[in-house]
Amino acid sequence: MTTGHRITIEASDRHVRVVRGGQVLAESDGALLLKETGCPDRYYIPPADVRLDLLTPSETHTRCPFKGTASYWSLPDAADLAWAYPEPKPDVARIKDHLCFYEVEVG
């Protein structure tokens with residue numbers, strides 16, 4: 001990690017829900033909360049709690065020097081609205097294959 005950069009991952013005690021256009025895309029009581037220096041807190045949802053049947057893998061990939069290479073998923077009307085790290089760096093191995101969405105409801 002770069003000096004001053006920090007990532008922590010903890011089990012969330014919150015109910016996390018992702019809804020788009022009235023359709024539930026994900027709902028979980030088992031999400032992980034990732035806190036990263038300079039970034040908003042993000043919820044990573046286990047794949048079993050995501051409606052993967054509604055999402056289409058995207059050609060988009062991005063690289064984070066701290067987490068690894070992310071793969072993205074889309075809806076017909078929303079490109080790259082979710083991402084995951086299929087092979088995360090060792091320091092963040094807990095988020096492997098968990099999906100993260102830009103907008104979530106937390107209860």
Side-chain angles (χ1 to χ4, degrees):
M1 298 264 172
T2 302
T3 301
H5 189 272
R6 182 178 165 100
I7 295 177
T8 60
I9 301 169
E10 59 193 48
S12 173
D13 59 357
R14 314 276 306 267
H15 182 79
V16 178
R17 191 169 188 243
V18 179
V19 180
R20 180 162 175 93
Q23 189 162 44
V24 176
L25 301 179
E27 194 156 10
S28 182
D29 289 318
L32 298 173
L33 176 61
L34 185 142
K35 297 180 180 186
E36 181 174 3
T37 303
C39 297
D41 292 353
R42 295 285 186 198
Y43 290 91
Y44 282 78
I45 302 170
D49 295 340
V50 177
R51 291 285 313 271
L52 292 170
D53 59 312
L54 301 176
L55 301 171
T56 303
S58 163
E59 295 295 319
T60 303
H61 298 279
T62 58
R63 175 141 172 66
C64 170
F66 308 107
K67 294 186 290 290
T69 300
S71 297
Y72 287 76
W73 285 262
S74 301
L75 287 174
D77 65 341
D80 302 337
L81 82 156
W83 67 93
Y85 292 90
E87 296 180 23
K89 296 209 175 228
D91 287 345
V92 296
R94 287 180 70 188
I95 64 169
K96 178 179 175 57
D97 294 329
H98 285 52
L99 280 85
C100 187
F101 293 80
Y102 287 105
E103 296 181 28
V104 299
E105 299 172 3
V106 181

If I take atom CG from residue L34 and atom SG from residue C100, how far apart are they, to the nearest 0.5 angstrom? 8.0 Å

State, yes or no, whether a side-chain contact exists between [X] and [Y] at a heavy-atom distance under 4.5 Å.
X: I7; Y: D91; value: no
X: L99; Y: L55; value: yes
X: I45; Y: F101; value: yes

For residues 51-71, pull every pair meeting salt bridge (Lys or Arg N to Asp or Glu O under 4.0 Å), keeping only residues two or more places apart or in separate chains. E36-K67, R51-D53

Going by salt bridge (Lys or Arg N to Asp or Glu O under 4.0 Å), name the pairs with one or both residues in residues 73-87, residues two or more places apart or in two chains. R20-D77

Atom pairs and distances, side-chain donor-acceptor, residues 25-33, under 3.5 Å, sequence neighbours left out:
unit_1, atom_1, unit_2, atom_2, d
E27, OE2, H15, NE2, 2.8
S28, OG, G30, N, 2.8
S28, OG, A31, N, 3.4
S28, OG, D49, OD2, 2.7
D29, OD1, H15, ND1, 2.6

Could you list the residues that satisfy side-chain contact (heavy atoms from CB on, under 4.5 Å) with A70, not counting sequence neighbours?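 side-chain contact (heavy atoms from CB on, under 4.5 Å) list for A70, sorted by chain: T62, Y72, W83, Y85.
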
What's in the same ILVMFWY side-chain cluster as V19, cut-off under 4.5 Å, chained through other members?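 Grouped by the 4.5 Å side-chain rule, V24 form the rest of the cluster around V19.
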
Hydrophobic clustering (ILVMFWY, side-chain heavy atoms < 4.5 Å, transitive) - are L75 and V50 grouped together?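 In one cluster: yes.
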
Is V16 reachable from L54 through a run of I, L, V, M, F, W or Y residues, each pair having side-chain heavy atoms under 4.5 Å apart?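 Yes: a chain of side-chain contacts under 4.5 Å links L54 to V16.
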
What are the two closest non-hydrogen atoms of S58 and T60, and how far apart are they? OG-N, 2.9 Å

How would you list all residue pairs meeting side chain to side chain donor-acceptor pair (under 3.5 Å) that involve residues 94-104, not counting sequence neighbours? none

Results of side-chain hydrogen bond (donor to acceptor under 3.5 Å, both in side chains) for S12 - residues two or more places apart only: none

